[in-house]
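Since the structure comes first, as structure tokens, the remarks are kept for the end.
Nothing here was measured: the structure is a model prediction, and the numbers come from that model.
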Amino acid sequence: MTDNRPHLTLFSAAPVVVVDEGHLRIDDKFVAGMDMHARHWDGPITAVVCAGKASDLPFSSVYPIDELGFRVKVLPEGAAPETALEKGPGLVLASADMTEQLALGDAAKALGLSVVYGIEYTLDTRMRIAMIDKRRGYLRRLWSVVWNYRQERRRKQVLRQADGIQMNGFPAASEYSALNSYALRYLDNRMQKPMFATTRDMVARQRHHEAAGPLRLIHSGRLEPLKGAHLLLPLAELLVARGVPFTLAIYGDGSLAEGMRAQIAQKGLGKHVSLHGPLPFESGLVPVSRMEADLFISCHVQSDPSCTYLEAMGCGLPVLGFDNQMLSPLVLHSNGGWTVPMNQLRQMAEQIGALAKDRKQLLDHAEAALTYARRHDAESEFEARMAHLARVFKQTDRSDLTFAATPSALDLAKS
């Protein structure tokens, strides 16, 4: 049976596990995102993914292939992404952050497909990540910096030649929007409308402050040096030394977790700091953030478009962090938080101490954060992206070929 509607092919870094011919283990968040694509795209959809291990999928389920609302192509190890392409009419959504996907543009256009690239990381962010990674020696880190610099010229050329680009976050938009006439900035996040903080949540938070309760700080994310997690406990020590009434709940896991747990005990921080494992987002982290926290703390030094900022704001939490290239404009646009100079923990501690004495300022910024986040809920951001894809395809469809739907929902892309 022939389906003449445009075929959307998304290239994803999400791993899957082929359980058997009829079932896949897939990340639950990824399936939810693909379901949203299926609801908003008028045509068949294929997700091109990589084979992974069950250990790569902590929050996943086994799904019957025939019940998925999209096709899946699993790239064998070492296979070039362009081997998964099929003739148009259709549109390919690829990632310019993935170097191996930069060749997709020319290959897709040769098959009559329109091409949109998404991008999140700027060259500056790539350089910083390369140099901070202490797991590699200095020469290897230096080589990575040079390699990233050389790849950037190629990346920009690919973005210029694409039919459209989608940029996640303020840094990518600032760096790349001028390269393409069909450029869209969006703020990726997982906050759907029912998840947002309610009036009852905000009133309860106000009552906590009126009762002079301790300032309830929260942090969530990977506990890695790249994310600044090593700075959380030194910040807590500064707050204790200043006599600030506070608690700090840390949610996440990573290479620093065991060391942080030991430091909490050794330094007697247990009265103030609690270290928890990662929580499921919707059923765990969101309710905790809405009902048990007052201020989100971030020591993240990178400028990647962390969705955590906007998600915390959607829970009614203002954000305090370093002045990286994502958080600074977000705070400027929203009035939903504060920034301090990079790595200046003393200034961060001073700001927290001031907020502990001025709860009205904290509540005012909490309301501003929530208002801004509501304007950028996940559905609205997603619908804007899908409308952008549809516009790009309409303007650039270069093929009168038809797409023949494959009977099986699971394909193995051939190398």
- Glu237 atom CD, over 12 foreign heavy atoms within 6.0 Å: yes
- Task: May I ask you to decide if the ring planes of His365 and Trp338 are parallel, tilted or perpendicular, using 30° and 60° as cut-offs?
- Result: parallel
- Query: Does a side-chain N-to-carboxylate-O contact under 4.0 Å join Arg385 and Asp188?
  - Reply: no
- What closest approach, in Å, do Ala356 and Val244 show between heavy atoms, and which atom pair accounts for it? CB-CG1, 4.0 Å
- Is there a donor-acceptor pair closer than 3.5 Å between any side-chain N or O of Asn189 and the backbone N or O of Leu187? yes
- Message: Please determine whether a side-chain nitrogen of the Lys or Arg among Lys360 and Asp364 lies less than 4.0 Å from a carboxylate oxygen of the Asp or Glu.
- Response: yes
- Do other residues, nucleotides or ligands put more than 12 heavy atoms under 6.0 Å from Glu210 CD? yes
- Of Leu248, Asp294, Leu295, the residue whose pairing with Arg216 passes side chain to side chain contact (heavy atoms under 4.5 Å, CB included): Asp294
- Task: State the CD-CD distance between Glu120 and Gln166, to the nearest 0.5 angstrom.
- Result: 11.0 Å
- Please report the closest heavy-atom contact between Arg185 and Gly169, naming both atoms and the distance. CG-O, 3.7 Å
- Message: If the condition is ring pair (Phe, Tyr, Trp, His ring centres under 6.0 Å), which residues does Tyr176 pass it with, not counting sequence neighbours?
- Response: none
- Query: In Å, rounded to the nearest 0.5 Å, how long is the span from CG of Leu370 to CZ of Arg290?
  - Reply: 9.5 Å
- Query: Hey, is CZ on Arg375 packed in by over 12 heavy atoms from elsewhere, all under 6.0 Å?
  - Reply: yes
- Query: Would you call Asp56-Lys53 a salt bridge at under 4.0 Å N-O?
  - Reply: yes
- Centroid separation Tyr186 to His376 less than 6.0 Å: no
- Message: If I compare all heavy atoms of Cys50 with all of Val74, which pair ends up nearest, and what's the gap?
- Response: C-CG1, 4.2 Å
- Message: I'd like to know if Arg128 pairs up with Asp124 as an ion pair, taking the criterion as any Lys NZ or Arg NE/NH1/NH2 lying under 4.0 Å from an Asp or Glu carboxylate oxygen.
- Response: yes
- Task: Determine whether the aromatic ring centres of Tyr251 and His219 lie less than 6.0 Å apart.
- Result: no
- Note on the structure: Taken to the nearest 0.5 Å, the spacing of Ser303 OG from Met326 CE works out to 10.0 Å
- Message: So that I can tick it off, tell me whether Arg71 and Glu86 are bridged by a salt bridge, with the cut-off set at under 4.0 angstrom between side-chain N and carboxylate O.
- Response: yes
- Message: Show the nearest heavy-atom pair for residues Gly254 and Glu224, with the distance to one decimal.
- Response: CA-OE2, 3.4 Å
- Task: State, to 0.1 Å, how close Tyr372 and Met313 come at their nearest heavy-atom pair, and which atoms those are.
- Result: CD2-CE, 3.9 Å
- Item | Pro89 to Leu113 - nearest heavy-atom pair and separation | C-CD2, 4.4 Å
- Taking the side chain from Arg126 and the backbone from Tyr121, do they hold a donor-acceptor pair closer than 3.5 Å? yes
- Does the distance from a Lys or Arg side-chain N to an Asp or Glu carboxylate O, for Lys156 and Glu175, drop under 4.0 Å? yes
- Provide the full list of side chain to side chain donor-acceptor pair (under 3.5 Å) pairs with a residue in residues 269-279, sequence neighbours left out, each pair given once. Ser274-His276
- Query: If you measure only the distance, is there a donor-acceptor pair under 3.5 Å linking the side chains of Thr9 and Thr46?
  - Reply: no
- Task: Taking the six-membered ring for Trp and the single ring otherwise, decide whether the centroids of Phe382 and His40 are under 6.0 Å apart.
- Result: yes
